[in-house]
Every structure is written in C-alpha cells, then in structure tokens.
Number of protein chains: 2
Amino acid sequence: MNCMFSSTTFYLYSIIHYICHMKTKYTIKDIANLAGVSKGTVDRVLHKRGKVSQDALEKVNKILEEIDYQPNLMARSLKNNKIFSICILLPDPNSDPYWLPCIEGIQNAKAEFMPFNISLETFFFNPESTKSFLEINSIIIKKSPDAVLLVPLFFKETLNVIEKYNASKILVTTFNNQIQSKSIKSFVGQDLIQSGRVAAKLLDTILKKGDIAIVHINEVFKNAIHMQEKEKGFRNYFEEINGSKYKIFTCKLKHPSFKKDLIDFLENHPSISGIFITTSKAYQVAEVIEQIDNSKITIVGYDLLDKNIKYMKKGIIDFLINQNQKRQAYLGTIGLIEHFIFNKDISNKLLLPIDIVNTENAKYYTA
Amino acid sequence: MNCMFSSTTFYLYSIIHYICHMKTKYTIKDIANLAGVSKGTVDRVLHKRGKVSQDALEKVNKILEEIDYQPNLMARSLKNNKIFSICILLPDPNSDPYWLPCIEGIQNAKAEFMPFNISLETFFFNPESTKSFLEINSIIIKKSPDAVLLVPLFFKETLNVIEKYNASKILVTTFNNQIQSKSIKSFVGQDLIQSGRVAAKLLDTILKKGDIAIVHINEVFKNAIHMQEKEKGFRNYFEEINGSKYKIFTCKLKHPSFKKDLIDFLENHPSISGIFITTSKAYQVAEVIEQIDNSKITIVGYDLLDKNIKYMKKGIIDFLINQNQKRQAYLGTIGLIEHFIFNKDISNKLLLPIDIVNTENAKYYTA
DNA sequence: TTTTTTAGTGTGTTCGAACACATTTTTTAC
DNA sequence: GTAAAAAATGTGTTCGAACACACTAAAAAA
C-alpha cells in the first residue's frame, strides 16, 4: 500500500505551514491480507454478493472499519470498460442563438474527459413546439442512454418524459430552468429571483431619481415563469429597503407592435429613468431608445449576445447579467460524467453565479 | 475496438440536430494487428525506444497516421502507479486573510482528482519576508516534487528560485501576479490593467458629477506593481473616452497615519464623489467614510473579505471586484494535475474573469 | 454409507499500457 | 563455415478491481 505522511515542521525564521492532502491507499489484496482471507472473499463482502460465512464477514468488516478503503477507480474503470452514453437535449440554437454557447460548454466537458469512455450526443428541439420536445425525447429513450441532461422548458411535458425515463431506469438531470417537482433529481442553473434582485441593486446604485420600468418581451412559449420570477425578485428588493424612492412599472411588450408600444409607454411615463429587461432581447429596447435619443435612461438586461454587447459599448445598455448558459451546460454534463466515472454524487441543485457584466469585463464571459 | 457512429436523422415534424461527440477507441493490440507486428514493437515505436527495423517502423507509422490513437489513460495510470507530488507555495493566510480562499481552492482541486495518485503539499511563507520565501523554497526543492505552484511575490527572488527548480528539473507554474520573464512557463491570474478599467467603468456609470480619488493603501512589501497597474488601467479608461468630466486624484495612504491623512485628503478635496481603492482594504476607507457620515461618496474596492461585504451591505461600499484567489489557486493546481495525468498542455497565461460584485450576487463568489 | 447439494473459499483471467525478458533473426568477426 | 555479437521481435508479467470458475468442506438426500 502507498503511504504518505503529514507533518508540521519548524524552521529558523518562520513556521512552515505544511498541509498534506494525501491519504493512505489500500487495495483489496491489502484488506484480504489484513483480514486473513482471500481477495475473492473481500470482493464478495464489498459487493454484498453473499456466500460469505459469518466469521469471514466479521473479519473483513472489522478491517474495513479500521481503514478507509477507496477503490482504485482507474482499475475499476479499466475492468468495467463500459462506454457511458449521455444524451443532451436543448432548444435549437437556430431558433434562438441564446443556446449556442451551450454547445461549446458540452464540447469543453467532452474534451476534459476525453480519455474516458464517454459517448455524448446532443439533440435539439424546437423551443416553440411541445410536440418536437416530446418526439425527440422518445427518440432518446429508444437509444436507451445511461443518462439524459435536458432543458425542461415545458412543465407538463417534462414530467411526462421524466416518468418514461424513470421507467427505463435512465437517469435524468436538468439545466436552465427549475421545474418544481420531486421527480427532478438534479438542476443546474441560476436563482432567477436573486437574479432580479441583482438587477434591482444595480439600478438602485446607479439611479439618483426617476422611476423604473420592468420590460417583458414576450415570445411564443418562452416560458413566462422566467420573467415572472425575475420581476418578483426585482420588486422584492425594493420592497425590502423601506421607503423606495422609485415607482416601478411593468411593461409587457410583444411583436410586431413592440416598437410602437414601447415608444407609447415611454411617452406616457416620462419619469422613467431606468429599465430592466427580463429577457435577452435588451438590444431591441436599446435600438428604440437610441432612435428616440434618450440617453438619460439606464438599461439593465440579460445575456452577452453580440447585439447586446454592441449596445453596451455604445453606452445605451449599462449592465448585462450573464445567465451563464455555457457553464450551465458544462456543469450539467460534467456532473453526469463524474457520477459515472468517479461515483460522485450529483448535486440536486447547483446555482451558478449571477455575473454582472459591463464593457470592461465582458470578454472574460464570452470567451 | 469500440466504435460509435455519427448520424443525422430526419423526423416527421422537425429536423433532429444530432451531434455525436464519440470517437473510435483503438488499443495497442489493435495497432499491432493492423500493422502485422507484435504489441511490443508498437510499444517501442510509440515510445521511440529504438530496436525497431525500418520495415516495422513504417508499417506501424502508417497505421498510426490512419487512425487517431488515444492511449487509455486509466490503463497507463494504473500501470505506472506513480504518485505525482505537487508543492504549492503561497503567503501565509495568517499574515493576510486574502490568501485563505486559496486553500479551499486547492482542496477542491484535490477532491476532484481524489481517485488519482496525487500528493499535494501546501506551504506558506511570510509575505513580508523575502528570506522566508527563499527558505521555504529550498525546503521544497529538497523534497524534489514533480511540480511547484507558487505565488511569485518577489521578483528577484522568484527568478532565483525558478533557476534552481529548473536545474532540478522541477516544473514551476505561478499564480496571483505575473512576473515578466521568459523563465515563467505558466501564469494564472487577472489582467490588473483591465481590472482598473472595470473599476473605472463602474464609477463612470454611477457618478453623475464630482471628482474621483484613487486610494492606494500601502503595506510593507505588498508589491506596488499591483496597485500601479490598476491605477494605470483606471486612468487609461478615462483618457480613452474623450473629454472625461472627472478630475482624478491619487491618494497614497499608509498606516498608522492612515485615518488622519484620509480625512485631511477628503477635506482638501470636497469635490470627491467616487473612490477607487486598489487593495483589499476598502473596509478601512469605508470605516472612515461612515464615521464622517459622507454618504454621497461612491466606493469601489477589491475582494470579498467579510469586512468589505459588511460595509457593502451597509451601503457604504458600492461594488467589490473579485480577484478570485480561490479560483486562481484551483486552476493553477488543476492545470498541473491534468498535465501529469492527462498529458494536457499547461496554458502559459490564463486570465480569470474580473467579477463585479454587489450585495445581491456576493454569496455566489464567496461560497 | 455413498451420493448429491450447497455454502464457503480461493484461484485465475480480463481490461490496456508499460516494460522486462526470452526468443528469433540478422550481422559481424574469425 | 561457424561462433559470437548485435539487432529485432515477440511473450509474459504487472498494476487493482471484477467476476467466472474451480475447488473444499460440510450438510442434505439417497
């Protein structure tokens, strides 16, 4: 067995703080020798395969209690030599470029675990069609992968397919949006209420006077819960600080009358000095603001789309909040891979940082 | 050999976009069979161990060109069964709590690669003593680890020890601050000039009028280059935008006269509406500002120390910039581990995001 | 008592890479 | 032409876990 020692050394001029992160490594053979049985018996005890006498069981368990046995996962993986297959399902980036960074995140995860036998397959569904979501899920089920990572855009349909996956004993984890159901074992994403609070704090810091508009730009089937939660957190922030000096208006816009409606809204509310856009389409608002040349309005929006960054550089959008899709997909994938290869637990809720982005630090989040 | 297929499927209602990230896996035995030689010969070719005829060499190389051979790292690691030892050297967190998160980052890295034979040893030096830095480095050299990750606080001494490490064929990488020398093979940290620009942009966004003070709080041996570069970036931002409306003052403070000097400075410059503190001691400035009850001054500082966050929650500090020490140490460690285990290249310069932190997203960066 | 069953135990093989070593082939020397 | 040296090639073992299989011993059935 390999053994490492931990020590603290004193030296002439300063105490050397020395932290050793190594542990003693035991093998099954070591345990067998210590317990006075054969490795086969130890193996049977470890895997609870039965056919072990009470006497031998006790001898092995005694040793197992004394030492901290950590199986060599390299050896296990080499022996099993199983190709773990993971299917990933997300909305088609052709329908919405928001999803494009996810592919990069998945590829990064794959690259990182290249030496392992991992099969990753990415599927896209039409974010405006529950039918497409269901269909592609049934295709994935037919492939019977070991696990599925998906974006559960549609509540009912998601619960539906998860039931089917469970029946086929396929592990399912989710990212992007959180479905409130005990059938969801794992979620990677952001706390949208907190996200709204971050936006609120930003506007609260910048604005000196005037009122605030929360702008929802509605798209077909872009789940409204997202926007609602962000608004909830946003308003919640101002309710908490007693005596908010701002009036907060909610403005729901929809294409094709979007532009006209926004201009009307701003004309009817000349006191507006700050706008919080709850979707990634802040550039659409910025476009209008630029045209009506209202440079005194502070804008906070979401996501590092090229168009958003363009208007941020122009000084029309002040802050963007990074929803970190790439990292969501990356961590969702990594979580499954490490679960299969290293037997790691899958965290049932992983909340990513809500990054505040301005012109000067944008490049670090887009790269 | 294991083989996976890539395909594109058309479906009734929508095209299924299908990306397969799997590659065919060959073994040495496969190559031997394909080339018509024995696995020993293939092994000799792969490791350039010689004793191979021209004929056999060509046969094997032909196959190697045709296929993409990726050695099974589990098998390699299992056979070699080498314990890679990495020593990490950073300033003592007892001298400056700034370094505390680094330990967590190192432990995370260790935990992530627990199944591998990695020995991590962390050493601390006194950040105010070049002697301590040199001494502990010589202790590390005596342990002859496979690699060293260190914080090169002192320029001359760092070049000195790197030479010794090179002589002992010990790989050295650095984090926290960048030493400008070709002998540095790898650096993980932040672009300090860009960091100053982020702060500048923040104040530019918030301030409506008044002037700005750059405050350097000098500590013994806290390398001045850090502060200089941040100031450079900060001023550079305002120089670039033609016609900055702010006057920018630089204010160097030093204990023990710190408090008095700061109060004097503010009294002499009543126009100051924004302060940029280039070190992690923003709380010390905030303390004074709170006492003189000047709530109209916007403060931007560095690092998520408890005291800084406390004053941010009080509304005295507006933004903190996260220098991300934890992640720096984490990525520096990961880089070395992956280099040894997966033969990955070590990136010679890894610039981390410059995170903008307010009260609402702070918890995601401290956790 | 002998045979069959079954519980209990240990041995041997596999995964893929690495390398020691044995074997075969070729070259050089005499 | 034969012996010795050198070059080339193949075989076998190891790493640690997993599991098939063979084996022993005791219990049950004949």
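Residue numbers begin at 1 in each chain, while the letters A, B, ... track the order of the sequences. Given the structure is predicted, the values throughout are model-derived calculations rather than measurements.
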Sugar-phosphate or base contact per nucleotide [nucleotides 4-15 of chain C; S, B, -; heavy atom under 4.0 Å]: ----SBBBBBBB

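With no hydrogens or angles considered, a side-chain donor-acceptor pair links B:Y165 and B:N137 at under 3.5 Å.
Direction of the helix axis in the helix from C:dT1-D:dA30 to C:dC30-D:dG1 shifts by 70° between the two five-pair termini, rounded to 10°.
Across the protein-nucleic acid pair, B:K82 atom NZ and D:dG16 atom C1' stand 19 Å apart, rounded to whole Å. As rounded to whole Å, 12 Å separates atom C1' of D:dT9 from atom CG of B:D43. The separation between B:R49 atom CZ and D:dA8 atom P is 16 Å, rounded to whole Å. Between the NZ atom of B:K48 and the P atom of C:dC19 there is a distance of 14 Å, given to the nearest Å. Straight-line distance from the NE2 atom of A:H47 to the P atom of D:dA20: 12 Å, rounded to whole Å. Rounded to an integer number of Å, the gap from CE of B:M74 to C1' of D:dG16 is 12 Å.
Legend: residues meeting salt bridge (charged side-chain N to carboxylate O under 4.0 Å, His left out) with B:D345, ordered by chain and number and at least two apart, are absent. Residues satisfying the side chain to side chain contact (heavy atoms under 4.5 Å, CB included) criterion with A:A32, sequence neighbours excluded, are A:K39, A:V42. With sequence neighbours left out, the salt bridge (charged side-chain N to carboxylate O under 4.0 Å, His left out) criterion links A:K185 to no other residue. Residues meeting the side chain to side chain donor-acceptor pair (under 3.5 Å) test with B:K82, sequence neighbours left out: B:D146. Here A:E163 pairs with nothing under the side chain to side chain donor-acceptor pair (under 3.5 Å) rule; sequence neighbours left out. A:F113 is linked by a ring-ring contact (aromatic ring centres under 6.0 Å, His included) to A:F116, counting only residues two or more places apart in sequence or in another chain.
Evaluation of the ring-ring contact (aromatic ring centres under 6.0 Å, His included) test over residues 59-85 of chain B, restricted to residues two or more places apart or in two chains, returns B:F84-B:F340.
We find that B:K62 and B:E66 are joined by a salt bridge, their nearest charged nitrogen and carboxylate oxygen being less than 4.0 Å apart.
Applying the 4.0 Å criterion to OP1 and OP2 of C:dG16, one finds that B:R76 has every side-chain N and O outside that range. Residue B:Y69 places no side-chain N or O under 4.0 Å from the OP1 or OP2 atom of C:dG16.
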